Structures are given as structure tokens and as C-alpha cells.
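Fair warning: this is a prediction, and the values are worked out from it, not measured in the lab. In what follows, chains are A, B, ... by sequence order, proteins preceding strands, each numbered from 1.
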Number of protein chains: 2
Amino acid sequence: MKIGELAKRSGLTAHTIRYYERIGLLPYADRDRSSRRDFDASILAWIEFLGRLKTTGMPIRDMLLYADLRDRGSGTEAERRALLERHRESVRAHVDELNACLLVLDTKIGGYAETEQRMKDYDATLPERRRKPVGARSPRTG
Amino acid sequence: MKIGELAKRSGLTAHTIRYYERIGLLPYADRDRSSRRDFDASILAWIEFLGRLKTTGMPIRDMLLYADLRDRGSGTEAERRALLERHRESVRAHVDELNACLLVLDTKIGGYAETEQRMKDYDATLPERRRKPVGARSPRTG
DNA sequence: CTACGAGTTTGAGCGCGCTCTAAGTCAAGA
DNA sequence: TCTTGACTTAGAGCGCGCTCAAACTCGTAG
């Protein structure tokens with residue numbers, strides 16, 4: 001598979017694929033007679049997994065540690081597992097934090113909803129001709 | 001409150017507090033006779049809220065939009081609410097994505113656990129003197 | 001009076017993760 | 001044969017969010 005094809009399939013740009021190879025996140029790819037990379041389809045699963053690590057906030061330097069263990073093959077399973085377990089805990093902690101923030105956001109948004117309701121109620125007490133047009137800016141409610 | 005005190009209480013560095021003021025994320029603080037910032041304690045709640053936005057991945061440029069609406073006061077509630085609602089949705093989506101990644105991590109980690117178990121089982125079939133020392137690297141299992 | 005420490009400003013620098021440019025090579029189609 | 005376009009390399013540049021440096025001013029304790 002050429003780099004353009006891999007780019008399409010993986011969602012990375014060709015630039016990024018070359019960059020990942022350069023820093024060692026992707027194994028050095030075979031080249032054809034004219035120095036062009038020819039990727040094995042199996043690289044897609046690895047790129048996809050790297051994407052998961054990235055999505056979950058793992059820095060590239062840690063992915064490199066994992067990639068290195070993987071390259072070294074058997075005998076590194078325990079370390080790889082430990083690395084992923086540590087990462088899993090940090091992701092879980094982050095999810096918890098996000099959920100806590102979501103509660104705060106809900107409260108804040110709820111506050112604005114109340115404000116808007118009060119404004120509507122107030123508006124409804126006015127005689128028809130004094131009601132403000134949609135989007136008008138009063139009364140004040142911080 | 002002086003900047004050092006605010007730094008301690010907020011968890012930001014004094015550098016970051018000045019930076020936030022400079023870019024407009026914090027309101028321009030009052031200065032005393034010798035040009036030193038004197039913060040009102042109420043700024044803490046705002047910094048804390050900014051922290052939530054940051055934790056949930058909101059870029060500074062969006063926080064600035066929110067901060068601007070807030071500065072403009074009443075009449076901007078609907079926009080502020082809409083902004084927070086959009087953000088809430090993106091956070092929820094991100095949490096879902098993280099949870100999906102956690103499942104993948106669980107599977108991967110489970111795979112390593114199996115490998116380790118197979119290795120232990122294999123090891124137990126060997127006569128006592130051939131069992132490998134803890135941490136040894138065989139047999140091969142990808 | 002002096003020294004210290006906490007503050008001030010402007011502006012440069014940094015770490016991260018790409019992203020792009022320049023100049024060149026090569027294979028295939030018109 | 002010529003052109004096109006996808007590829008190659010090394011290395012520069014960028015956007016983000018800080019983080020720090022330099023040179024300075026104050027207020028206070030000894």
C-alpha cells in the first residue's frame with residue numbers, strides 16, 4: 001500500500017505518517033525500487049490503536065515507550081500491560097473529572113435557563129405594547 | 001489580595017495570572033499606589049470556572065468569547081447559555097469516546113493477562129530445575 | 001541606610017504535535 | 001517524448017498555552 005492509500009484509509013495525512021515513521025511511532029516502512037514506502041495492511045491496526053492512545057490523551061513520548069516494547073517483542077508483555085494499566089487508570093480518572101465538570105456545567109446552564117424564564121415571566125406582566133422584541137436586552141439579571 | 005496570594009489560592013502561577021489578564025481572560029485588576037495588582041476575592045470563583053472549561057478541553061479562544069459575553073453583562077445570557085450548551089455536548093461526546101477507548105484498553109490488557117497466564121501454565125509443566133526465574137523472557141508469545 | 005523579597009513591564013522562548021516548503025525523483029498515460 | 005502527479009528528503013514554521021528573563025520599582029525589616 002502506498003502512502004496516499006494509507007493516508008485515506010487511516011485518516012492521517014501523508015505528512016503525519018512520514019512524521020510518525022521518522023520519530024519511531026511507526027516502524028520503518030519497506031521502500032520500492034524508487035524509494036517509495038510500501039506499507040503492509042497490518043499497519044492499519046497499529047495506527048488505529050495509536051489513535052486510541054492519542055484520543056485518551058497519551059503523549060507521544062509514552063506511545064514511543066510502548067512502541068519500543070512492542071518492537072522488542074516477547075518478554076516485554078508485562079511491561080506493556082503495566083503501561084496500559086497505568087494509562088487506563090489515568091483515563092478513568094480523567095473521565096471522572098469530566099463528569100464532575102459536566103455537573104457544574106449543568107448547574108450553570110440551569111441558572112441561565114432560570115434567568116431566561118424570569119425574563120419571560122416579567123415580560124408577560126407588561127401590557128401588550130410594551131413587550132420587548134425577541135432578543136431585546138432587559139431587565140438586568142446579571 | 002496580592003498576586004502571590006491569589007496564585008496560592010487558585011493554583012495558577014503568578015505568571016499565568018498575569019498572562020490571563022493580558023489576554024483578557026481575567027478582568028484588568030485594580031492596582032495599588034505602587035502599581036501592584038489587588039484582586040477581589042470574587043475572582044477565585046471565575047478562575048475556578050475557567051479551570052473547569054480548561055479541564056473539559058475548551059480552547060482559550062472560546063473562553064475569551066464567554067468572558068467577553070460575561071463582561072457585557074445582561075442581555076448576553078442566551079448566548080452564554082448556548083455557548084455552554086454546545087460545549088457540554090462536545091464534552092459528552094468526548095466522554096463517550098473515552099469510554100469506548102477504555103473498552104479497547106480493557107480488551108488489550110486482557111490479552112496480555114492471558115499471555116501471562118499461558119506462560120505460567122507452561123512454566124508449571126516444566127520439571128522444577130527448568131523453571132525460569134521471575135522476569136525471564138520465554139517462551140515467545142508475540 | 002541598606003538589603004531583601006515581592007511585585008511590575010515587555011517581550012522572548014519553549015514543548016508539543018504536527019504541517020508545510022523546496023527541490024528533486026520517478027512511472028505511467030497522452 | 002513530454003507532462004502529470006504522486007512520491008522522496010531535510011528542515012523550517014506554526015498554533016497553542018504557557019513560562020521565563022531582564023531590568024526595574026517598592027515597602028518593610030534589620
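- Between B/I23 atom CD1 and D/dG15 atom C1' there is a gap of 14 Å when expressed in whole angstrom units.
- For the residue pair A/T76 / A/R80, a side-chain donor-acceptor distance below 3.5 Å is found, with atom types taken as modelled.
- The one candidate from B/L83, B/V91, B/L65 that meets the side-chain contact (heavy atoms from CB on, under 4.5 Å) condition with B/M58 is B/L83.
- Mapping B/G4 and A/Y19 onto DNA chain C via the closest heavy atom, the residue that lands nearer the 5' end is B/G4.
- Phosphate proximity of C/dG17 to A/Y20: absent, as no side-chain N or O sits under 4.0 Å from OP1 or OP2.
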Would you please test B/E77 and B/R81 for salt bridge (charged side-chain N to carboxylate O under 4.0 Å, His left out) and show each step?
CA-CA 6 Å; B/E77 291 84 358; B/R81 182 187 174 182; over 6 Å; no
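- With respect to A/R37 and A/D32, no salt bridge is recorded, no charged nitrogen being found less than 4.0 Å from a carboxylate O.
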Show me the side-chain donor-acceptor pairs of residues 99-108 of chain A shorter than 3.5 Å, one per line, residues at least two apart or across chains.
residue	atom	partner	partner atom	Å
A/N99	ND2	A/V95	O	3.3
A/D106	OD1	B/R88	NH1	2.6
A/T107	OG1	A/L103	O	3.0

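- Between A/D96 and A/R92 there is no salt bridge, since no side-chain nitrogen of the basic residue lies less than 4.0 Å from a carboxylate oxygen of the acidic one.
- Whole-Å rounding puts the A/L12 CG to C/dG17 P distance at 14 Å.
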Extract from the structure each pairing of a protein N or O with an N or O of nucleotides 27-30 of chain D at less than 3.5 Å, listing the distance.
none

Steps toward side-chain contact (heavy atoms from CB on, under 4.5 Å) verdict (B/E85, A/Y112):
CA-CA 11 Å; B/E85 283 180 343; A/Y112 286 126; over 6 Å; no
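- Nucleotide C/dC26 holds its C1' atom 9 Å from the CG atom of A/D32, rounded to whole Å.
- Under the 30°/60° scheme for interplanar angles, the aromatic rings of A/W46 and A/Y66 are found to lie parallel.
- A/I60 has its CD1 atom 10 Å from the P atom of C/dT19, to the nearest Å.
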Can you name the atoms? Protein N/O to nucleotides 9-11 of chain D N/O, anything below 3.5 Å, with the distance.
residue	atom	partner	partner atom	Å
D/dT9	OP1	A/R31	NH2	3.0
D/dT9	OP2	A/R37	NH1	3.0
D/dT9	OP2	A/R37	NH2	2.7
D/dG11	N7	A/R22	NH1	3.2
D/dG11	O6	A/R22	NH2	3.4

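- For B/I3 and D/dC26, the CD1 to P distance is 18 Å, given to the nearest whole Å.
- Going from atom CG of B/D38 over to atom P of C/dT8 covers 10 Å, rounded to whole Å.
- Ion pair B/R36/B/E5 not flagged as a salt bridge, since none of the NZ, NE, NH1 or NH2 atoms sits closer than 4.0 Å to an Asp/Glu carboxylate oxygen.
- If you measure from atom CG of A/L64 to atom P of C/dG15, you get 17 Å, rounded to the nearest angstrom.
- When the C1' atom of D/dT8 is taken as reference, atom CD1 of A/I17 falls 14 Å away, rounded to whole Å.
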